[in-house]
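Have a look at the structure below, then the notes.
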Amino acid sequence: MADNRASAYTEGVPCWVDAQLPDLEAGKRFYGALFGWSFDENGGNGGNSRKSESGGNGRNSGKTHDRFVVARLEGEPVAALAPKTDGRMPTVWTVYFATPDIQALAARIRAGGGQIVMPPTPADGFGTAALAADPEGAVFGLWQPGSHPGFGRRHEEGTFVWAQLYARDTQAANAFYGGLFHDALFGPGAEPDFGRASLLEVFPAEMPPHFLVHFRVADIGEALEAVGRLGGRVQVPPFGTSYGNVAVVVDNQGASFAVLQR
């Protein structure tokens, strides 16, 4: 069943993801074949347009784009793809956390030792977006909804299912995000789809702290074969976690994400 009500996304719940890609058409071919997505041009009926982004730790900075496409599964929005205009910037997936008051959340992020990479920016009536970095430099997005609450489908095959923060200091990360998003993570009835883990459990020491977006698949082996056939590669082979069997992959343009089988 599609999960597309604004009330589903209380503060601190991952509500949207997007990818910054050098070649938008190649991205549409890759993700359309991998997950069965179709695409709306120029945002369609929902999405997220980021403009005049600058500053931060360089993972999501210095980009401006005038168009983006919304990916849909069975007619419901599940992600967005946007073209990079500066080839020096990374090709990356970003997760956005819902908030009813983006200015207040930005102030709490600064007070907790984080940074605002891109200040709150209206996105053509869809909502207001911002980018932030935690005290270790991991970049994440904030989304205050307008006409676009976020995912129309999630937790299903071919859609977002989990966001994992890989941090150097997990105790500090738990304190920072627990303070920001306590109810979403620990409140009554909370069913978080956002975890924290040690960077060194999965990645080499030189990898910077970062968020990893996970998409659900029916068969992880078949998904990895498809990634390779479409021009991507396996970055980390399958491993078990408390939330499912995961593999980290890179798409045909260099954006890392994970596939998760439950």
Side-chain angles (χ1 to χ4, degrees), residues 2-4 6 8-9 11-21 24 27-28 30-32 34-40 43-50 53 59-60 63 65 68-73 76-84 90-99 102 117-118 123 126-133 138-145 148-166 177 181 184 192-195 210-217 223 227 232 243-244 246 248-251 253-260:
D3 186 359
N4 60 356
Y9 305 118
E11 186 161 75
V13 173
C15 68
W16 193 240
V17 292
D18 70 14
Q20 306 292 314
L21 302 173
L24 198 59
K28 289 163 64 176
F30 180 91
Y31 290 102
L34 183 61
F35 295 133
W37 294 349
S38 60
F39 298 92
D40 290 343
N45 191 34
N48 182 343
S49 177
R50 299 212 296 252
E53 301 177 19
R59 282 183 57 81
N60 291 50
K63 299 180 296 298
H65 50 75
F68 60 100
V69 295
V70 170
R72 293 181 180 271
L73 187 65
E76 297 289 347
V78 294
L81 307 181
K84 294 196 308 181
T91 301
V92 64
W93 278 97
T94 300
V95 60
Y96 292 78
F97 294 91
T99 178
I102 201 167
V117 176
M118 179 190 80
F126 296 127
T128 302
L131 291 175
V139 173
F140 58 99
L142 315 177
W143 183 249
Q144 180 178 322
H148 175 62
F151 299 120
R153 290 181 178 271
R154 59 176 180 166
H155 303 162
E156 305 174 22
E157 293 169 13
T159 72
F160 168 86
V161 64
W162 190 263
Q164 188 77 347
L165 170 66
Y166 285 100
Y177 291 99
F181 304 139
D193 44 16
F194 160 40
H210 63 283
F211 279 89
L212 185 66
V213 172
H214 293 52
F215 296 103
R216 188 169 182 175
V217 297
V227 166
Y243 49 89
V246 174
V248 184
V249 300
V250 179
D251 72 13
Q253 300 184 67
S256 294
F257 63 97
V259 290
L260 183 152

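Position 1 is the first residue of the sequence; numbering continues from there.
- Summarising the geometry of Pro149 relative to Cys15, their closest heavy-atom pair is O-CB, 4.0 Å, with the distance given to 0.1 Å.
- With a 4.5 Å cut-off on side-chain heavy atoms, Gln164 and Val248 do not count as touching.
- Rounded to the nearest 0.5 Å, atoms CZ (Phe30) and CD (Gln253) are 9.0 Å apart.
- The two residues Ala71 and Phe39 have their closest heavy-atom pair at CB-CE2, 3.6 Å.
- In this structure, the ring-ring contact (aromatic ring centres under 6.0 Å, His included) partners of Tyr31, at least two apart in sequence or on a different chain, are Trp37, Trp93, Phe257.
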Apply side chain to side chain contact (heavy atoms under 4.5 Å, CB included) to Leu165 and Phe194, showing your working. CA-CA 8 Å; Leu165 170 66; Phe194 160 40; 3.9 Å; yes
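- Using a 4.5 Å cut-off on side-chain heavy atoms (C-beta onward), Phe68 and Asp18 make no contact.
- Side-chain polar atoms of Gln144 and Thr99 form no donor-acceptor pair below 3.5 angstrom.
- Of the residues Thr91, Val92, Leu21, Leu24, the one that meets the side chain to side chain contact (heavy atoms under 4.5 Å, CB included) test with Lys84 is Thr91.
- With sequence neighbours excluded, the residues that form a side chain to side chain contact (heavy atoms under 4.5 Å, CB included) with Val246 are His214, Phe239, Thr241, Tyr243, Ala258, Leu260.
- Side-chain contact between Phe140 and Tyr177 is present, with heavy atoms from C-beta onward closer than 4.5 Å.
- With a 4.5 Å cut-off on side-chain heavy atoms, Tyr166 and Leu212 count as touching.
- Side-chain contact between Trp143 and Tyr9 is absent, with no heavy-atom pair separated by less than 4.5 Å.
- The nearest pair of heavy atoms linking Arg154 to Pro14 is NH1-O, 4.1 Å.
- Of all non-hydrogen atoms in Pro192 and Ala184, the two that sit nearest each other are CB-O, 3.9 Å.
- When side chains are defined from C-beta on, Val78 does not count as touching Phe35, because their heavy atoms never get closer than 4.5 Å.
- Across all non-hydrogen atoms, the minimal contact from Pro77 to Val70 is CB-CG1, 3.8 Å.
- The ring-ring contact (aromatic ring centres under 6.0 Å, His included) check on Phe160 picks up Phe151, with sequence neighbours excluded.
- Taking the side chain as every heavy atom from C-beta outward, Val161 and Asp193 never approach each other to under 4.5 Å.
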